[in-house]
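These notes are about the structure you will find just below.
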Amino acid sequence: MYGGWKETLILVSLTCYLALGAGMHPRLVPDWQVRLALHPSIAFAAVCPDGSVYAVSGSGEVSLLDYLGHLRATRTTNVLESAGAVACGPGRDLYIAGRNSNAATDSLAILPNIATAHAQPRLTDLAVRATAIAVIHRGVIAVAGYSKNGSCPLHLVSSAGRLIRSFGECGGAGATGSELANGFLLWREREQRLLFVPRKMAEIQIYAADGTPIAVRGLGPIRPASAQWEEEDPLSEIRGVAFLPAGHIVVQSPDRGLLLFSPDVTALGPAIGTNLGTLIGADDRGGLYFLRPDRIGREHLSLPLAVRPHEDTHPLLKL
């Protein structure tokens, strides 16, 4: 009688221990996945702070999904021959940087919210070949890329195409410096900070809204800041990056899935697998958005209490 009770107690304790252990690591919880019939496929996507998502095809078709994944509008625009970078701006306006034939630099097309407006896109010349863009406000856009004669990888450009300032890790234009301009730009409205995460450098660059450098931080223990990754490194390239409202950083590796970092850039647990495609951003509620050639999906992270932050401001951005 006693032996049976003891074995039962041990079994229950072991079950609880395993259950608690399973909950110690972050996990992804699916929300929705929507297939879009854009021709020939979805080339780019931009996540708006409220969770609306723009999908842009290679032929100029544009679709807008709301926070729940419902299709709200579809438009066709042919103002650019090819897109190179997209971003969602205030009022759900869509910003597309792309190229037209015989142009030495990119053009910027600003498409008003297609769910409420039917105006034609406004087209202006950019001073650089854009690899990434972020909208700071309606009058200023941050652009990653090199200008024709410049050596700085980051720029502030007016919505009329006027170059306001060039900044970043300057002096590396050309083949050697191409990695310095190839990455992800994110604007943090609440903290008024601009973030640039290079694809192949283990760092997060932090700037003020006017381009003034604030700090450069290494991305976890993988490598120090400003060190270029080698092929044998555990994370040789960043495919996508997102900053969650509570301060966590989500980085996508082509081979290892999603890596979660704490607000102080400490790696948390093992990689998180996802089959939804490329990470394209996060919304103000913490939803993560993923892109495949024919669909867009949303998931959210379930975080154990032990790794949840106690405040909702990213410590990197308090500098």
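As the structure is a prediction and not an experimental result, all values here were calculated from the model. Sequential numbering from 1 along the given sequence is applied to the chain's residues.
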Pairwise side-chain contact, Ser57 with Ile42, heavy-atom cut-off 4.5 Å (strictly under): no
Shared hydrophobic cluster for Leu71 and Val86 (ILVMFWY, side-chain gaps under 4.5 Å): no
Close side-chain approach of Arg138 and Ser159, heavy atoms under 4.5 Å: no
Residue from Leu80, Leu111, Ile114 passing side-chain contact (heavy atoms from CB on, under 4.5 Å) with Pro121: Leu111
Set of side chain to side chain donor-acceptor pair (under 3.5 Å) partners for Tyr54, sequence neighbours left out: none
Sequence neighbours excluded - salt bridge (charged side-chain N to carboxylate O under 4.0 Å, His left out) pairs with any residue from residues 238-249: none
Arg298 side-chain N/O to Gly69 backbone N/O, donor-acceptor pair under 3.5 Å: no
N/O donor-acceptor pair under 3.5 Å between Glu189 side chain and His137 backbone: no
Inter- and intrachain pairs under salt bridge (charged side-chain N to carboxylate O under 4.0 Å, His left out), touching residues 42-68, at least two apart: Asp50-Arg92, Asp66-Arg72
Heavy-atom check, side chain of Phe167 versus side chain of Leu194, under 4.5 Å: yes
pair Leu65-Tyr289: side-chain heavy atoms closer than 4.5 Å: no
Salt bridge (charged side-chain N to carboxylate O under 4.0 Å, His left out) partners of residues 150-162, not counting sequence neighbours, each pair once: none
Check: Leu108 main-chain N/O paired with Thr124 side-chain donor or acceptor under 3.5 Å: no
Qualifying disulfide bond (SG atoms under 2.5 Å apart) pairs with a residue from residues 56-97, counting only residues at least two apart or across chains: Cys48-Cys88
Residue from Leu288, Asp284, Asp283 passing side-chain contact (heavy atoms from CB on, under 4.5 Å) with Leu244: Leu288
Any donor-acceptor pair under 3.5 Å from Ser151 side chain to Cys170 backbone: no
Heavy-atom check, side chain of Leu260 versus side chain of His248, under 4.5 Å: yes
Under 4.5 Å side-chain linkage, directly or through intermediates, the cluster mates of Val29: none
Check: Asp93 side chain, Asn113 main-chain N or O, donor-acceptor pair, under 3.5 Å: yes
